[in-house]
Each structure stands twice: as structure tokens, then as C-alpha cells.
Amino acid sequence: MTAPMPSVDRAAASRAAVAARRARAAVKESVRVGERTALEVAEAAGRDADLPEAGMRVAELLGTLRGLGPTRVADTLETLGISPVKKLGGLGHRQRARLLDWLRAREGGSGRGRLVVLAGPTAVGKGTVSTFIREHHPDVLLSISATTRAPRPGEQDGVHYYFVDDAGFDGLIERGELLEWAVVHNASRYGTPRPPVEAALAAGRSVLLEIDLAGARQVRAAMPDAVLVFLLPPSWEELVRRLVGRGTESPEEQARRLETARVELAAQDEFDELVVNDDVRRAAQEVVDLLAVPSGGARPAGRAGSAR
Ligand code: 5GP
């Protein structure tokens, strides 16, 4: 049996552990605010195993990157063949090479625009946020969906939607011209035309899709580089207030809408970024920051205001 460690050593060891944790937190913060790139941190960890960088988990480093929520961090680690508990200093030669290549590709930018998907529960204000972006950021392409629903008064074909009939929508699906599509509110079909999105991204222009949850999931599968943003209400009470509105719906209809919102809110963990819609201008700015293409590692600062 080994003798118990003298208490003075235990105290020293625990002080050292606290200091190491603090040092790792400082490294993470420097990446998060854009002072250093994740690539620089991973390279430093490879050079010197005594640095705090080497004691950081790869998952922690990836988690500091914009647009990488827990689901995408897990997917990326799987793609790279790196265990979720692996530390930067403990990577094998091939694992390190794969991680560095991945970070280089991401930070170097590919010359392509960013695809950002904006989704969220009913009545959270997705339309208001995307309209604000359309009006203030003409550099961003706000995709125009095709739909089988009838135009509302004031809506123009080719501006708000491409209004098509069922046969027209079938044709778009058959020709593979939709990036995603879904039946929304158990009523009409809505879909994102693929060619304008592909063309804009290839030309380096960023694209925003304002679509429902089912559509967001399809985009994630079709375009793994897309950043999925979930717009949240400031509070559940505020969402109830916005949903129930002027009280023109029956209690049954109100209950149905609230149940839908509850189910939709439960999907937020699948998303890369959470943005709280407490103020349209601020929420829109957060989404615009996410649309910015990273260049040479410099990213828009921080995740201030995001709920994650
Ligand atoms: P509205 O009929 O009120 O214009 O839109 C109803 C819902 O359809 C919105 O919540 C919007 O997010 C969703 N939607 C609009 N365009 C698309 C699309 O192209 N694909 C999917 N999946 N949903 C869409």
C-alpha cells in the first residue's frame, strides 16, 4: 500500500491544477475574441507539451469557433477520427495533421460565401429579422423560396416567393432544383431553389435562408458547412404573449400553437448558434456577423448576446 501523500504536496498539486485550468480558460478566451486563431493554438500545442494549449481538449478548442455548436463539434471530431476526450497534446501524428488541415481550410477561407440558415419557433420574429437584413445588408442574398401557397395581398411573385402550383413544385423536386423542401403548417409546400444559392456561394456572396425546422435539418445534411442559427424569444412568457396576441384565437387554437412552439423550442440543441430576438437590430447584427466569411483567421468578435 502506498503512503498517503503529504498534505502540503496535495495543496501544491491542487494549486497547480487551478492555475492550469485558468491558463486553458485564457487560451480559449483569446480564440473566442479573435486574438488568436484555433490553428495557432493547435500548432503551439504540437510544439510544446508543457504549454497550457497542450492540456486543452480538442473538443474545447473546436467549441470556441463560431458556428460550431456541440452537435457539430461531435460530428467534426468523428470526421477527424479524434475521441471527444482527447487533448491537443495527446494527438497522434495523423490525427494532428488532420486537425491542422481542417483548421487551415476553415480559417483560410475557400473564397466561397457562407450559407446561414435562420430557423426558430413560430412567432419568434424570423421574418422581421430577415427583412431587416434584406434592407440593410444588400450584399447578403436572401433566398427567395418557391411555395404552393397562394399569394397574400401585396406579395409579389419573384420578390417574396416564387408562387407555383402543385405540378410546378413537383417539377422542381424531380429536376433536383430544390436544396430542401417541406410541408409547412400541414398546408403548403415550401422549398429553396438550389441554383441561385450555389451561384451566390461560388461567387463569394453569403446567403441567408429563412426556413422551417424540417428544412434546416435537410440543409445540414446536404451542406455540412452551413451555419444553423436558432432564433429564440427573450422568454417563454414573451413568446406566449406574441403567439396568443390579441386574443382572437380560440383557447383550443392558442393551446395548439403553444404546444407547437414548445416542440419547436426543444430543437434548439441541434443548432450551431442561438440568437435571442430581444431587439431586431441587435439580433440581425448577430446573424450578419455569422454571415461574414472568415479571412485569415480574423473573425467577428465574440458571441455577445448569443444564448450559448
Ligand atoms: P409564410 O407562409 O407565413 O410566408 O411562411 C410560413 C413558414 O414557411 C415560415 O415559418 C418559413 O420559415 C417557412 N418557409 C418559408 N420558405 C421556406 C422554404 O423554402 N423551405 C422551408 N422548409 N420552409 C420555408
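The structure displayed is predicted, hence computed values, not measured ones. Read the numbers this way: they start at 1 and go in the same order the structure lists the ligands and their atoms.
Residues satisfying the side-chain contact (heavy atoms from CB on, under 4.5 Å) test with R24, not counting sequence neighbours, are A20, R21, P52, M56. When the side-chain contact (heavy atoms from CB on, under 4.5 Å) test is applied to P224, no partner is found at least two apart in sequence or on another chain. Contacts of H160 classified as ring pair (Phe, Tyr, Trp, His ring centres under 6.0 Å), with partners at least two apart in sequence or in another chain: none.
Shortest non-hydrogen contact noted between V73 and A59 is CG1-O, 3.9 Å.
A distance of 5.0 Å separates CG of L115 from CG of L209, quoted to the nearest 0.5 Å. Note that CD of E43 is 5.5 Å distant from CZ of R104, once rounded to the nearest 0.5 Å.
Listed by chain and number, K126, S145, R149, R152, Y161, E180, A182, V184, Y190, G191, T192, E210, I211, D212, G215 each place a non-hydrogen atom less than 4.0 angstrom from ligand 1.
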